[in-house]
Amino acid sequence: CVLEFNPAAEQTFGFRTEDVIGRELAELILPAASRDAHRAGLARCVEHGDRRLLGRRIETTAICADGTTLPVELALTCVWSTDTDTPVFYGFVRDISERRRGEAQLTYLAYHDPLTGLPNRALVEQQLDLALARARRTGDAVALMFVDLDNFKLANDRLGHAAGDRLLAAAGERLRSVLRDSDLLARQGGDEFLLVLADLSGDPVPAAEEVTGKL
């Protein structure tokens with residue numbers, strides 16, 4: 001049960017101290033899927049002296065008063081009460097939402113072209129490997145297409161690189177708009193794009209030619 005709830009906890013989770021004192025922590029801020037594991041770990045610590053979770057930084061998900069979830073980093077310590085000979089746990093919780101957003105942004109940038117927002121060559125290589133593996137299992141085919149823009153250098157030279165960037169972004173949007181959701185369009189670099197058509201049954205050439213016409 002919660003014995004203390006400081007102002008920082010109130011601000012982080014949106015609960016008032018008077019509303020949480022005496023309530024079980026698991027029911028208060030832990031998702032339902034995590035509660036049994038929390039209770040089991042608590043029991044192991046109290047009954048068997050298992051301290052593996054103490055002193056470590058644990059990343060988990062917490063629930064706020066309004067029902068929203070929050071990624072947090074949790075560190076637990078334990079002291080024994082001399083009055084009741086029972087353990088008292090202190091949880092130090094840190095909101096790591098900004099860190100998670102930063103990590104997600106770095107992951108996105110690693111696999112996407114910042115100008116067009118399309119996947120980049122690294123992501124294409126991963127997805128192409130997966131598509132080829134599926135094709136070997138199912139007997140379907142995969143088409144890899146290379147698309148570039150003729151005379152793009154003229155746009156850059158006459159209108160400037162800012163206009164060229166807008167042209168590339170618009171071209172990416174137009175190409176993407178005529179493709180299936182399962183098709184993967186990526187920017188390789190410059191005015192060059194890559195297109196992966198996966199899970200093609202039968203002869204892949206007519207399907208590739210049909211897409212070529214749309215592009």
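- With hydrogens and angles left out, the side-chain atoms of Tyr111 and Gln126 include a donor and acceptor closer than 3.5 Å.
- Side-chain contact check for Val142 versus Leu197: every heavy-atom pair is 4.5 Å or farther apart.
- A donor-acceptor pair under 3.5 Å links the side-chain atoms of Asn120 to the main chain of Ala110, judged by distance alone.
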Would you please test Val79 and Tyr90 for side-chain contact (heavy atoms from CB on, under 4.5 Å) and show each step? CA-CA 8 Å; Val79 297; Tyr90 288 86; 3.7 Å; yes

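- Using a cut-off of 4.0 Å between Lys/Arg side-chain N and Asp/Glu carboxylate O, Arg101 and Glu98 are scored as salt-bridged.
- Arg35 places a side-chain N or O within donor-acceptor distance of the main-chain N or O of Leu30, the cut-off being under 3.5 Å.
- With respect to the salt-bridge test (charged N to carboxylate O, under 4.0 angstrom), the residues Glu27 and Arg23 do not qualify.
- For the side-chain contact (heavy atoms from CB on, under 4.5 Å) test with Pro119, the passing option among Leu184, Leu185, Val196 is Leu184; the others fail.
- Between Lys214 and Glu209 there is no salt bridge, since none of the side-chain N atoms of the basic residue sits less than 4.0 Å from a carboxylate O of the acidic one.
- Taking every heavy atom of both residues into account, Cys1 and Gly22 meet most closely at SG-O, 3.5 Å.
- The CD atom of Glu59 lies 11.0 Å from the CG atom of Leu74; values are rounded to the nearest 0.5 Å.
- Atom CZ of Arg187 sits about 11.5 Å away from atom CG of Leu194, to the nearest 0.5 Å.
- Closest of all the heavy-atom pairs between Val124 and Ala186 is CG2-CB, 3.0 Å.
- At a threshold of 4.5 Å between side-chain heavy atoms, the hydrophobic network of Ile, Leu, Val, Met, Phe, Trp and Tyr places Val178 and Leu149 in one connected group.
- Sequence neighbours left out, the pairs with a member in residues 112-149 that pass ring-ring contact (aromatic ring centres under 6.0 Å, His included) are Tyr108-His112.
- Arg121 CZ: 12 or fewer foreign heavy atoms inside a 6.0 Å radius.
- The distance from the CD atom of Gln188 to the CG atom of Leu118 is 13.0 Å, given to the nearest 0.5 Å.
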Show, in sequence, the C-alpha distance, side-chain angles and deciding distance for Met145 and Thr212, and conclude whether the side-chain contact (heavy atoms from CB on, under 4.5 Å) test is met. CA-CA 9 Å; Met145 303 176 68; Thr212 300; 3.0 Å; yes

Would Glu10 and Asn6 count as a side-chain contact (heavy atoms from CB on, under 4.5 Å) if you check the C-alpha gap in whole Å, the side-chain angles of each, and the deciding distance to 0.1 Å? CA-CA 6 Å; Glu10 288 185 316; Asn6 67 15; over 6 Å; no

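- By the criterion of side-chain heavy atoms lying less than 4.5 angstrom apart, applied directly or through intervening Ile, Leu, Val, Met, Phe, Trp or Tyr residues, Leu128 is not grouped with Leu123; the two fall into different hydrophobic clusters.
- Hydrophobic clustering of Ile, Leu, Val, Met, Phe, Trp and Tyr side chains at less than 4.5 Å, counting indirect connections, keeps Ile58 apart from Ile63.
- Interatomic distance, CG of Leu54 versus CZ of Phe89, reported as 6.5 Å (0.5 Å rounding).
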side-chain contact (heavy atoms from CB on, under 4.5 Å) assessment of Arg94 paired with Arg99: CA-CA 11 Å; Arg94 185 159 64 101; Arg99 190 175 82 193; 3.6 Å; yes

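- Taking each heavy atom of Ala26 and His38 in turn, the nearest pair found is CB-CD2, 3.6 Å.
- Heavy-atom contacts from other residues, nucleotides or ligands closer than 6.0 Å to CZ of Arg158 number 12 or fewer.
- In this structure, CG in Asp165 is found 10.0 Å from OG1 in Thr116, a value given to the nearest 0.5 Å.
- Checked against side-chain contact (heavy atoms from CB on, under 4.5 Å), Ser34 has the following partners two or more places apart in sequence or in another chain: Pro31.
- Shown here for Leu76 and Gly91, the closest heavy-atom pair between the two residues is CD2-CA, 3.8 Å.
- Under the 4.5 Å side-chain heavy-atom criterion for Ile, Leu, Val, Met, Phe, Trp and Tyr, Leu25 and Leu70 are members of the same hydrophobic cluster.
- Considering only heavy atoms from C-beta on, Leu168 comes within 4.5 Å of Asp191 through its side chain.
- No donor-acceptor pair closer than 3.5 Å links the side chain of Thr68 to the backbone N or O of Cys64.
- With hydrophobic clusters built from ILVMFWY side chains whose heavy atoms lie under 4.5 angstrom apart, Phe92 does not share a cluster with Val72.
- The pair Asp140-Arg134 fails the salt-bridge criterion, with no side-chain N (NZ, NE, NH1 or NH2) lying under 4.0 Å from an Asp/Glu carboxylate O.
- The backbone N or O of Arg174 sits less than 3.5 Å from a side-chain atom of Ser177, completing a donor-acceptor pair.
- Using bins of under 30°, 30° to 60° and over 60° for the plane-to-plane angle, the ring pair Phe13/Phe5 lands in the tilted bin.
- The structure places CD of Glu24 at 8.5 Å from CG of Leu42, a figure rounded to the nearest 0.5 Å.
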